[in-house]
Peer 1: 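Have a look at this one before I ask anything.
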Amino acid sequence: VNVTTDDGNEVVFGGNDLKVSVLNYSGNLKWSFTIGSVVNSIAIGDVNSTYVGNEVIVGGTGNSLYIFDDSGNSIKNITIGDAINSIAIDDVTSDTGNEIVIGTDNGTVHVLTNLGNIKWTYDVGNTIYSVSIGDTTSDTGNEVAAGSGDDKIYAIDSSGNFIWSYTTGSDVYGVAI
């Protein structure tokens with residue numbers, strides 16, 4: 001995905017070095033930012049039209065969600081209160097703009113507005129390893145799928161209501177719609 005307005009797509013990465021970094025299409029460092037915790041998940045997308053290009057959304061073991069602009073400037077640091085395992089960006093609700101969906105270690109799915117405010121939460125009671133956004137029903141808005149440490153996949157509607165769950169027989173580390 002093209003993070004900056006430069007030619008080509010960038011590679012965004014993070015890990016045990018407690019940083020999120022962006023490489024350009026030639027493999028040269030564009031920017032790096034120390035978040036102070038292990039990076040568990042990164043998503044790239046247009047969540048705020050105030051900024052040029054896409055934003056980089058980062059979550060990790062440090063209980064915060066970070067939003068960066070295309071130049072690596074911190075737009076917002078949101079305290080979530082638990083480690084963030086998974087992030088997805090898409091239009092969940094029927095209003096304008098994309099939302100940020102996160103899955104946490106304490107079993108909560110949070111949907112945040114494009115400004116980083118929590119719109120709704122849904123608690124499954126066990127670690128959320130993966131989240132995805134897409135349209136799986138005929139109603140207005142997209143749904144959220146969450147893969148959990150209780151051996152289930154959860155489907156949640158655009159307002160944060162339970163639709164169904166499916167027992168898989170083992171922890172669900174990846175889910176996609």
Side-chain angles (χ1 to χ4, degrees), residues 1-93 95-106 108-121 127-134 142-147 156 158 173-177:
V1 173
N2 197 337
V3 175
T4 68
T5 56
D6 297 346
D7 290 336
N9 290 334
E10 288 79 20
V11 174
V12 182
F13 67 97
N16 290 334
D17 65 353
L18 314 182
K19 297 179 185 176
V20 60
S21 302
V22 176
L23 304 176
N24 69 11
Y25 67 93
S26 299
N28 297 313
L29 185 67
K30 291 287 294 179
W31 58 263
S32 185
F33 190 95
T34 300
I35 66 167
S37 69
V38 174
V39 174
N40 286 344
S41 188
I42 299 169
I44 302 166
D46 186 11
V47 295
N48 192 324
S49 60
T50 304
Y51 301 95
V52 175
N54 288 316
E55 288 77 46
V56 176
I57 316 300
V58 180
T61 59
N63 303 329
S64 291
L65 183 75
Y66 299 87
I67 303 175
F68 298 96
D69 70 11
D70 66 330
S71 298
N73 300 308
S74 179
I75 297 172
K76 195 152 189 162
N77 176 355
I78 305 157
T79 301
I80 298 299
D82 197 32
I84 298 166
N85 295 325
S86 184
I87 304 169
I89 300 170
D90 205 339
D91 189 13
V92 176
T93 63
D95 62 0
T96 303
N98 289 330
E99 284 80 27
I100 303 165
V101 177
I102 61 172
T104 67
D105 239 12
N106 70 358
T108 304
V109 175
H110 297 279
V111 173
L112 292 86
T113 67
N114 61 353
L115 300 175
N117 301 315
I118 294 179
K119 188 173 263 190
W120 57 258
T121 61
T127 301
I128 301 293
Y129 292 113
S130 181
V131 293
S132 184
I133 304 165
N142 284 325
E143 288 71 44
V144 174
I156 308 161
S158 61
Y173 290 102
V175 64
I177 298 176

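The figures that follow rest on heavy atoms only: side chains count, while hydrogens, waters and symmetry mates do not.
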Peer 1: Looking at I128, is its backbone amide N or carbonyl O close enough to the side chain of N85 to form a donor-acceptor pair, meaning the two atoms are under 3.5 Å apart?
Peer 2: yes
Peer 1: May I ask you to test the L23-L29 pair for a side-chain heavy-atom distance under 4.5 Å?
Peer 2: yes
Peer 1: Using side-chain hydrogen bond (donor to acceptor under 3.5 Å, both in side chains) as the criterion, list what pairs up with T104, not counting sequence neighbours.
Peer 2: N106
Peer 1: Between K30 and E10, does any side-chain N to carboxylate O distance fall below 4.0 Å?
Peer 2: no
Peer 1: Would you list the pairs meeting side chain to side chain donor-acceptor pair (under 3.5 Å) in which at least one residue belongs to residues 12-27, sequence neighbours left out?
Peer 2: S21-S32
Peer 1: Can you check whether N77's main-chain N or O pairs, donor with acceptor, with S64's side chain at less than 3.5 Å?
Peer 2: no
Peer 1: Please list every donor-acceptor pair under 3.5 Å in which a side-chain atom of residues 53-63 meets a protein atom from a residue at least two apart or in another chain.
Peer 2:
unit_1: N54; atom_1: OD1; unit_2: D46; atom_2: N; d: 3.2
unit_1: N54; atom_1: ND2; unit_2: N2; atom_2: O; d: 2.9
unit_1: E55; atom_1: OE1; unit_2: V47; atom_2: N; d: 2.7
unit_1: E55; atom_1: OE1; unit_2: N48; atom_2: N; d: 3.1
unit_1: T61; atom_1: OG1; unit_2: V38; atom_2: N; d: 3.2
unit_1: N63; atom_1: OD1; unit_2: D82; atom_2: N; d: 3.3
unit_1: N63; atom_1: OD1; unit_2: A83; atom_2: N; d: 3.2

Peer 1: Checking the side chain of S130 only, and the main-chain atoms of G147 only, is there a donor and an acceptor separated by less than 3.5 Å?
Peer 2: no
Peer 1: Given side chains that start at C-beta, do those of I67 and I100 come closer than 4.5 Å, heavy atoms only?
Peer 2: yes
Peer 1: So which pairs with a foot in residues 66-86 pass ring-ring contact (aromatic ring centres under 6.0 Å, His included), sequence neighbours left out?
Peer 2: W31-F68, F33-F68
Peer 1: Go through the structure and list residues passing side chain to side chain contact (heavy atoms under 4.5 Å, CB included) with D69, not counting sequence neighbours.
Peer 2: Y51, S71, N73, I75
Peer 1: For K76, give me all partners under salt bridge (charged side-chain N to carboxylate O under 4.0 Å, His left out), at least two apart in sequence or on another chain.
Peer 2: none
